[in-house]
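Everything quoted here is computed from the prediction, not taken from an experiment. Only heavy atoms go into these numbers, but all of them, side chains included; no hydrogens, no water, no symmetry mates.
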Amino acid sequence: MAAFKAPKGTKDVLPEQSYQWQFLEARIREIVKKYGFLEARTPVIEHTELFLRGVGETTDIVQKEMYTFLDKGERSITLKPEGTAGIVRMFVENNLFADAQPTKMYYLYSPTFRYERPQAGRLREHHQFGVEFFGSSKPTADAECIAVASELLTSLGCDGLTVRLNSIGCPACRPHYHEALKAYLREHYDGLCETCKVRLETNPLRVLDCKVPSCQEIANGAPAIGDHLCGECREHQAALLELLDGMGIRYEIDPRLVRGLDYYTKTVFEITSENIGSQSAVCGGGRYDGLVEEIGGPHTPGVGFGLGMERLLLVLENTGMQIEKPVRYDLYIVSMGQEAEKRAFLLASELRKSGAKVEIDHVGRSVKAQMKYADKIGARHVLVLGGDELANGEAKIKRMSDGTETNTALNAEHILKNIV
RNA sequence: GUGGGUAUAGCUCAGUUGGUUAGAGUGCCUGGUUGUGGCCCAGGAGGUCGUGGGUUCAAAUCCCACUACUCACCCCA
């Protein structure tokens with residue numbers, strides 16, 4: 001039993017598996033570049049107040065899931081529980097709204113913390129890739145965000161995924177809907193679960209996706225947001241759907257999709273997988289036209305999403321997708337004796353200057369053991385360096401895939417030619 | 001926060017109605033070549049049986065508590 005363990009809900013990425021993350025990150029950068037999103041990096045910690053305002057005081061995230069503490073200067077600090085609030089703070093603090101709009105940013109491997117009970121696909125620290133698109137109220141912005149997520153997932157060959165979307169209205173129409181919904185829920189008050197009785201007043205939308213059967217039944221008969229959208233919201237959604245259709249992106253309209261963050265307006269969407277257990281959302285996002293103002297900036301529309309990288313990796317794993325392991329070594333130099341050991345080291349040093357990936361013996365193994373080790377670590381070629389080779393200035397290079405040997409002079413230039 | 005499951009070698013797991021030095025596979029190290037990988041064979045190292053208590057002549061095994069892991073609720077990436 002190890003003396004120390006990683007804190008509950010955190011996960012190490014072992015050296016043997018980091019290539020998977022690097023592959024994902026490279027693929028993401030490739031895609032995002034085509035749309036002109038630029039990478040932004042914000043602190044892991046923010047003032048707690050930012051999330052109270054941004055995410056919303058009545059949300060579960062704020063009420064029970066944040067890692068909040070007082071620093072030595074008595075400031076209340078919180079480990080970021082989601083990606084958007086920090087980006088918005090940066091947008092406002094640096095007056096990015098004063099630039100020509102839109103402002104298109106993404107973040108990658110952004111550590112995100114929520115104090116929850118871990119389970120399949122749910123950690124206390126996970127990492128998000130996300131995109132934020134500021135300064136456009138047009139549905140083309142929503143569509144680009146969804147396109148980025150969708151392109152990433154399809155380029156990886158993921159299947160079993162569903163894009164679900166909905167509109168939850170805007171300040172013009174949502175209050176009317178809230179009233180209609182509250183009125184309806186009050187009529188069915190006795191049938192609601194205890195949390196929903198509270199939610200009815202604080203955040204009635206959330207009652208719609210309550211999983212308690214009795215609440216679901218009531219929710220099924222509730223007035224639908226779709227029927228209460230104002231003209232603008234209606235048109236916005238129709239235009240977005242048209243763009244998605246045009247791109248051939250399949251989606252489902254889910255009138256019960258509401259999401260747990262308060263800042264969303266109009267478009268909300270999720271991409272869920274049927275292969276990763278009950279925590280099925282791989283990607284979630286939407287439009288947040290009031291958020292920049294809420295954080296103290298000028299009115300600026302925005303839309304974006306967060307995508308859970310651990311969950312994405314889970315999808316790939318569970319659907320049998322293999323990420324190709326990169327070649328670690330082009331050449332392993334087996335050495336026998338002190339002279340050869342020294343020579344192997346210097347030869348490796350020369351070869352590395354030319355970009356070759358080279359390894360030598362560092363633990364004093366026998367020749368046979370060095371061969372075995374070279375095979376195990378996936379060296380593509382092996383060169384044996386002993387008394388004969390040192391004397392002749394020549395050696396054989398063995399290609400491990402088929403065992404063929406070629407002669408080479410003992411200098412970097414010649415060796416390089418034989419290990420390509 | 002609530003509920004279920006699990007905990008034995010680095011890893012995946014056996015372990016009989018409670019019985020003497022706790023096993024397998026795999027991985028690791030060594031040997032079968034005097035200087036050559038994969039397959040095969042032989043040997044070796046490696047275990048406070050999650051922790052603490054209890055029952056018993058005797059506990060990996062039965063009982064209790066705790067902890068960790070895990071799955072689900074909730075919520076979400």
Parallel, tilted or perpendicular: ring planes of A/Tyr109 versus A/Trp21, cut at 30 and 60 degrees: perpendicular
Same-atom distance ([atom1]) from [N] to [M], integer angstrom:
N	M	atom1	result
B/rA59	B/rU51	P	15 Å
B/rC66	B/rU26	C1'	33 Å
B/rU20	B/rU61	C1'	15 Å
B/rA14	B/rG31	P	35 Å
B/rG15	B/rU56	P	28 Å
B/rU12	B/rG52	C1'	28 Å
B/rU6	B/rC64	P	13 Å
B/rG50	B/rU33	C1'	46 Å

Lys/Arg-Asp/Glu bridge criterion (N-O < 4.0 Å) met for A/Glu116, A/Arg122: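 Result for this pair is yes, salt bridge flagged.
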Range-with-range stems for RNA chain B, at least three Watson-Crick or G-U pairs under 3.5 Å: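 As far as RNA chain B goes, consecutive pairing (with distances under 3.5 Å) yields the stems B:1-7 with B:67-73, B:10-13 with B:23-26, B:28-32 with B:40-44, B:50-54 with B:62-66.
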Aromatic A/Phe37 / basic A/Lys104 pairing, under 6.0 angstrom, 45° off normal: yes
Cation-pi, A/Tyr107 ring and A/Arg41 (6.0 angstrom, 45 degrees):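 Negative - A/Arg41 is either too far from the ring of A/Tyr107 or too far off its axis.
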Polar side-chain atom of A/Arg27 near backbone of A/Leu152 as donor-acceptor pair, under 3.5 Å: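 Looks like no, no N/O pair under 3.5 Å.
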Side-chain polar contacts of residues 181-190 of chain A - donor-acceptor pairs under 3.5 angstrom, sequence neighbours left out - could you list them?
| unit_1 | atom_1 | unit_2 | atom_2 | d |
| --- | --- | --- | --- | --- |
| A/Tyr184 | OH | A/Ile218 | O | 2.6 |
| A/His188 | ND1 | A/Tyr184 | O | 3.0 |

Of [range], the positions that come close to RNA chain B - non-hydrogen atoms, cut-off under 4.0 Å:
range	result
residues 400-420 of chain A	A/Met400, A/Ser401, A/Gly403
residues 389-399 of chain A	A/Glu389, A/Lys398
residues 363-386 of chain A	A/Arg365, A/Val367, A/Lys368, A/Ala369, A/Met371, A/Lys372, A/Asp375, A/Lys376, A/Val384

Side-chain donor-acceptor pair present, A/Thr84, A/Glu132, cut-off under 3.5 Å: yes
Distance-only polar pair, side chains of A/Asp227 and A/Tyr177, donor-acceptor under 3.5 Å: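 The criterion, which ignores hydrogens and geometry beyond distance, is not satisfied for A/Tyr177 and A/Asp227.
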Those residues that, when tested against A/Glu217, pass salt bridge (Lys or Arg N to Asp or Glu O under 4.0 Å) (two or more places apart):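 If we apply the salt bridge (Lys or Arg N to Asp or Glu O under 4.0 Å) test to A/Glu217, skipping adjacent residues, there are no hits.
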Contacts of type salt bridge (Lys or Arg N to Asp or Glu O under 4.0 Å), residue A/Glu151, not counting sequence neighbours: A/Lys34
B/S/- contact track for nucleotides 70-77 of chain B, protein heavy atom under 4.0 Å: -SBBBBBB
For atom CD1 of A/Ile333 and atom C1' of B/rG35, their distance in whole Å: 16 Å
A/Phe305 ring center near A/Phe129 ring center (under 6.0 Å): yes
Residues in side chain to side chain donor-acceptor pair (under 3.5 Å) contact with [X], at least two apart in sequence or another chain:
X	answer
A/Asp142	A/His236, A/Thr267, A/Arg287
A/Asp254	A/Arg164
A/Asn220	A/Arg256
A/Glu341	none

Option passing side-chain contact (heavy atoms from CB on, under 4.5 Å) with A/Glu46 (candidates A/Thr48, A/Val44, A/Leu50): A/Leu50
